[in-house]
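First up is the structure itself, then whatever we jot down about it.
In what follows, every heavy atom counts, from backbone to side chain, and hydrogens, waters and symmetry copies are set aside. The chains referred to below are lettered A, B, ... by the order of the sequence lines, with proteins before strands, and numbering in each begins at 1. Remember, predicted model here, so these are calculated numbers, not experimental data.
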4 protein chains.
Amino acid sequence: MIFCNHTPGEKPSCRWRRRKEARPEEIIDAALALFVEKGFSATRLDDVAKRAGISKGTLYLYFDSKEAIFRAVVETLIGPQLQQIEKLVHDFEGSNQALLRQLILGWWRNVGETGLSGIPKLIVSESGNFPELSEYFVKHVVKRMRKVFVGVLERGVAAGEFKPCDAQVAARLLFAPLVHAAIWKHSLQPWDDTGDVPVYLNLHLDIFFNGISSGAAKNE
Amino acid sequence: MIFCNHTPGEKPSCRWRRRKEARPEEIIDAALALFVEKGFSATRLDDVAKRAGISKGTLYLYFDSKEAIFRAVVETLIGPQLQQIEKLVHDFEGSNQALLRQLILGWWRNVGETGLSGIPKLIVSESGNFPELSEYFVKHVVKRMRKVFVGVLERGVAAGEFKPCDAQVAARLLFAPLVHAAIWKHSLQPWDDTGDVPVYLNLHLDIFFNGISSGAAKNE
Amino acid sequence: MIFCNHTPGEKPSCRWRRRKEARPEEIIDAALALFVEKGFSATRLDDVAKRAGISKGTLYLYFDSKEAIFRAVVETLIGPQLQQIEKLVHDFEGSNQALLRQLILGWWRNVGETGLSGIPKLIVSESGNFPELSEYFVKHVVKRMRKVFVGVLERGVAAGEFKPCDAQVAARLLFAPLVHAAIWKHSLQPWDDTGDVPVYLNLHLDIFFNGISSGAAKNE
Amino acid sequence: MIFCNHTPGEKPSCRWRRRKEARPEEIIDAALALFVEKGFSATRLDDVAKRAGISKGTLYLYFDSKEAIFRAVVETLIGPQLQQIEKLVHDFEGSNQALLRQLILGWWRNVGETGLSGIPKLIVSESGNFPELSEYFVKHVVKRMRKVFVGVLERGVAAGEFKPCDAQVAARLLFAPLVHAAIWKHSLQPWDDTGDVPVYLNLHLDIFFNGISSGAAKNE
DNA sequence: TATGAATGAGACTTCATTCAT
DNA sequence: AATGAATGAAGTCTCATTCAT
């Protein structure tokens with residue numbers, strides 16, 4: 001089970017959890033792994049079923065089609081993470097730099113090091129075949145996420161903590177290595193083992209904040 | 001047309017003969033576009049043929065199989081770019097920072113803004129299904145490229161131009177936004193038009209070099 | 001149905017399950033008939049499926065490929081017949097001539113007049129395209145069969161029943177009209193109906209044994 | 001060139017020799033060899049062309065279709081041999097047994113040991129796919145040939161040389177080993193090298209005539 | 001006359017989906 | 001709820017045939 005964010009009491013209202021309780025998650029986990037590894041088209045439902053420990057026919061008790069499974073995989077991951085992030089931002093006390101550091105490293109811990117890490121690769125790979133999904137993802141994940149980062153960066157600039165700059169662009173730069181690491185992990189990593197990601201991210205944060213900081217508050 | 005292997009002077013005497021010579025390129029161009037858009041599996045050879053302006057059977061006069069077309073797409077692009085880059089590095093006179101800036105911006109001009117820009121997404125998406133290709137790509141492109149960057153960075157550190165740091169990691173950070181932009185362009189860009197890439201890259205370079213420079217030689 | 005591998009007592013409980021068990025045989029029977037009639041290459045799997053009363057895709061639940069069906073057709077028939085023959089030879093009491101007569105006429109009854117009769121034509125026709133199968137067939141059927149005949153003939157010579165002769169060659173002569181009749185049945189028979197095969201075989205046996213017998217034991 | 005029976009002066013009236021002079025024969029030779037080896041369906045015109053030393057397109061200058069080549073292959077061989085045989089029978093002076101011996105051994109020399117030897121296998125293999133050809137072959141070759149043998153056998157019976165018997169059946173028995181040897185040569189021979197065919201045929205003739213002769217004129 | 005590039009119908013094969021049990 | 005045998009549409013690949021040169 002890749003997802004344990006449900007508060008126990010919450011009612012399963014989501015569209016993708018129409019049916020039984022436990023099964024769909026096992027199916028989704030199996031499908032996620034295979035979609036990430038092989039892509040949507042090259043993944044056979046036979047394999048999904050086998051990995052989920054059920055028969056092929058059973059898939060259709062929970063999902064209407066292969067594409068429905070795909071949508072469920074993606075929709076499942078959307079939302080829970082963001083709320084957490086937005087809450088963190090809201091409650092945080094400390095420098096904006098420290099907040100951003102925590103956001104980046106926390107994302108890697110919560111996403112990059114879990115089964116969710118395959119999602120970026122999956123979205124990127126299949127965007128061409130699932131336009132409505134791309135639109136959905138951009139709107140509900142990418143832009144929402146960026147908004148958070150932009151907000152913190154602009155707050156930092158306003159506070160004199162960071163040099164003036166285009167926060168939209170800076171936010172993308174700040175986040176890019178994170179996405180890159182997640183995509184890499186599920187693609188060329190096995191042939192190019194580049195070591196510890198946190199080390200990579202820490203150097204990124206050091207250089208980035210050193211580069212963007214106004215003289216007043218030097219990094220570390 | 002992404003490739004220009006014709007020696008400039010040769011005249012394609014008869015119209016027919018020229019087709020014969022041009023076909024593989026036309027096929028590869030068509031296949032690249034579709035593979036990037038849809039992925040290998042979801043691309044139908046019918047569509048490749050249609051886009052190349054030929055019939056389905058004709059593909060098999062030039063390639064043995066769908067997979068052979070895929071390999072040709074990837075292998076064809078490998079090499080030409082790198083030589084150019086290595087030459088640039090060898091001949092360059094100026095600061096290491098200036099060289100790196102030129103490498104980054106040049107890569108975007110020569111790759112990011114051409115048909116080649118789809119390759120990173122393609123490789124990433126299909127790495128799971130074509131292991132030998134991944135190995136090849138990592139060995140002949142990724143590591144060779146990184147070696148260049150690492151070399152320049154280390155030279156810069158030795159010259160006191162950059163602060164001491166792990167050049168391997170720094171090289172990846174320097175290059176990541178480039179790859180990210182290329183992948184983005186062929187995935188979520190249509191739904192998240194994030195503006196001019198050179199602007200993005202310039203901010204990246206500013207922040208990065210500002211962050212990594214020793215006090216002596218400030219960027220800007 | 002050319003094969004009866006069911007243990008007589010087993011009851012096919014549910015109709016469905018029985019199909020599952022009967023399928024391979026039905027497919028093989030259908031394939032044998034068509035391969036014999038048209039040859040391997042000219043037989044379409046569509047037709048095999050239709051004749052077996054199933055859909056094209058179902059073939060692949062039981063066999064990996066068209067060639068696998070072909071091998072099954074041939075391999076399935078090999079063995080059962082031979083054991084029967086060798087047992088007959090072992091148990092027989094009577095003159096060697098009588099034994100050989102019985103072998104010949106029995107073969108026609110058990111093979112020539114059943115669905116198996118098409119096999120010789122099939123093997124002969126496809127030998128060029130399936131070398132390993134030819135080798136297998138020669139080793140496990142042709143030579144094993146000939147060995148039996150040679151044995152009996154040599155025994156007959158030793159017993160003074162037959163004139164001295166090259167038993168290897170004589171065995172082939174004795175068997176040739178049998179194979180010829182089987183091949184003819186599945187090729188030019190429809191256009192050259194040459195009457196009752198047993199009559200043909202009896203004349204063969206009369207002439208052959210009359211020709212090979214030493215004076216002592218005249219035929220009939 | 002497998003065929004040199006044309007009397008020089010004869011005009012090429014035959015349907016299959018519509019076009020140029022030398023080419024068709026090379027094509028037919030190539031096609032015969034491949035059809036015999038692989039069967040009609042499994043033979044590719046590419047290979048026929050290659051073996052004939054011409055390009056695939058050129059085939060169509062001489063024949064309308066693959067099937068036309070097949071018909072030409074078969075029709076080419078029909079006729080010439082028979083005239084020769086019928087002439088031999090007509091002119092022969094000597095015992096009927098001696099004549100039959102000469103016919104059998106002569107057939108092997110003229111057909112069995114030449115490129116024509118593959119025809120029986122070819123006819124047998126493809127009879128199911130070319131009914132009109134089977135009909136033609138039976139009518140113009142099989143029955144005509146058998147008529148000759150039946151005639152001589154009946155003459156022999158009438159002369160008291162052979163025992164009374166069904167000459168139709170006896171004729172088939174007399175000829176069967178010949179056909180069998182020819183078919184074997186092009187099928188399982190490579191895996192079952194059974195030695196010299198003339199030796200085989202001579203034993204056949206010895207046994208057969210010993211078996212069929214009346215007491216009066218014993219075979220040698 | 002000869003070529004060989006190009007075609008497209010048709011074959012083998014795969015796999016998402018259905019449905020009787 | 002669960003199975004897995006069965007289906008058939010759709011994809012890859014082959015090859016007889018055509019046709020511009």
Side-chain angles (χ1 to χ4, degrees), chain A residues 19-20 22-23 40-50 53-69, chain B residues 13-23 41-49 52-69, chain C residues 13-23 41-49 52-69, chain D residues 19-20 22-23 40-50 53-69:
Chain A
R19 327 238 190 174
K20 266 278 173 293
R23 270 299 148 68
F40 175 79
S41 216
T43 294
R44 276 165 296 155
L45 289 191
D46 260 322
D47 293 340
V48 173
K50 203 172 297 165
I54 58 176
S55 78
K56 193 165 43 162
T58 304
L59 291 176
Y60 286 83
L61 295 177
Y62 298 97
F63 299 97
D64 289 337
S65 67
K66 190 183 184 186
E67 200 171 322
I69 297 179
Chain B
S13 54
C14 61
R15 182 159 58 90
W16 221 35
R17 191 78 193 159
R18 185 176 35 182
R19 297 327 305 264
K20 165 79 170 161
E21 272 158 21
R23 284 275 189 255
S41 235
T43 296
R44 278 164 298 156
L45 289 188
D46 256 328
D47 292 341
V48 174
I54 57 177
S55 79
K56 200 170 27 166
T58 303
L59 293 176
Y60 287 86
L61 294 179
Y62 299 96
F63 299 96
D64 286 340
S65 65
K66 190 184 183 185
E67 199 171 323
I69 296 179
Chain C
S13 54
C14 62
R15 183 159 56 89
W16 220 36
R17 190 77 194 161
R18 184 176 35 185
R19 298 323 309 263
K20 164 79 172 161
E21 270 156 22
R23 284 275 188 257
S41 234
T43 296
R44 277 161 300 155
L45 289 188
D46 256 327
D47 293 339
V48 173
I54 57 177
S55 80
K56 204 172 19 166
T58 304
L59 293 176
Y60 287 85
L61 294 179
Y62 298 95
F63 299 96
D64 287 340
S65 65
K66 190 183 183 185
E67 198 170 325
I69 296 179
Chain D
R19 328 240 189 173
K20 264 283 174 295
R23 272 296 150 70
F40 175 78
S41 217
T43 295
R44 275 165 296 155
L45 289 190
D46 259 322
D47 294 339
V48 173
K50 205 172 296 167
I54 59 177
S55 78
K56 193 164 46 161
T58 304
L59 291 176
Y60 285 84
L61 296 177
Y62 297 97
F63 298 96
D64 289 338
S65 67
K66 191 184 184 186
E67 200 172 321
I69 296 179

Is any side-chain N or O of C:S55 closer than 4.0 Å to OP1 or OP2 of F:dA6? no
Side-chain N or O of D:Y62 less than 4.0 angstrom from OP1 or OP2 on E:dA2? yes
Taking the side chain of [X] as its heavy atoms from C-beta onward, which of [options] lies nearest to it?
X	options	answer
A:R44	F:dC13, E:dA16, F:dT17	E:dA16
D:T58	E:dC12, E:dT3, E:dA6	E:dT3
C:Y60	F:dA6, E:dC12, F:dT12	E:dC12

Using Watson-Crick or G-U wobble geometry with both distances below 3.5 Å, tell me the partner of E:dT21, or none. F:dA2
Mind checking who E:dC15 pairs with, Watson-Crick or G-U wobble, both distances under 3.5 Å? F:dG8
Among C:L59, C:T58, C:D64, whose side-chain contact (heavy atoms from CB on, under 4.5 Å) with C:Y62 holds? C:T58
Protein-nucleotide distance ([X], atom [atom1]; [N], atom [atom2]), rounded to Å:
X	N	atom1	atom2	result
A:L45	E:dT18	CG	C1'	13 Å
C:L59	E:dT13	CG	P	10 Å
A:F63	F:dA2	CZ	C1'	16 Å
B:E67	E:dT13	CD	P	18 Å
C:D46	E:dA9	CG	C1'	14 Å
A:K66	E:dT14	NZ	P	15 Å
A:D64	E:dT17	CG	C1'	11 Å
B:L61	F:dC15	CG	P	13 Å

On DNA chain E, does the nearest nucleotide to A:G57 precede the nearest nucleotide to C:S41 from the 5' side, or the other way round? Give the residue. C:S41
No-H, no-angle donor-acceptor pair, D:K56 side chain to E:dT3 base, under 3.5 Å: no
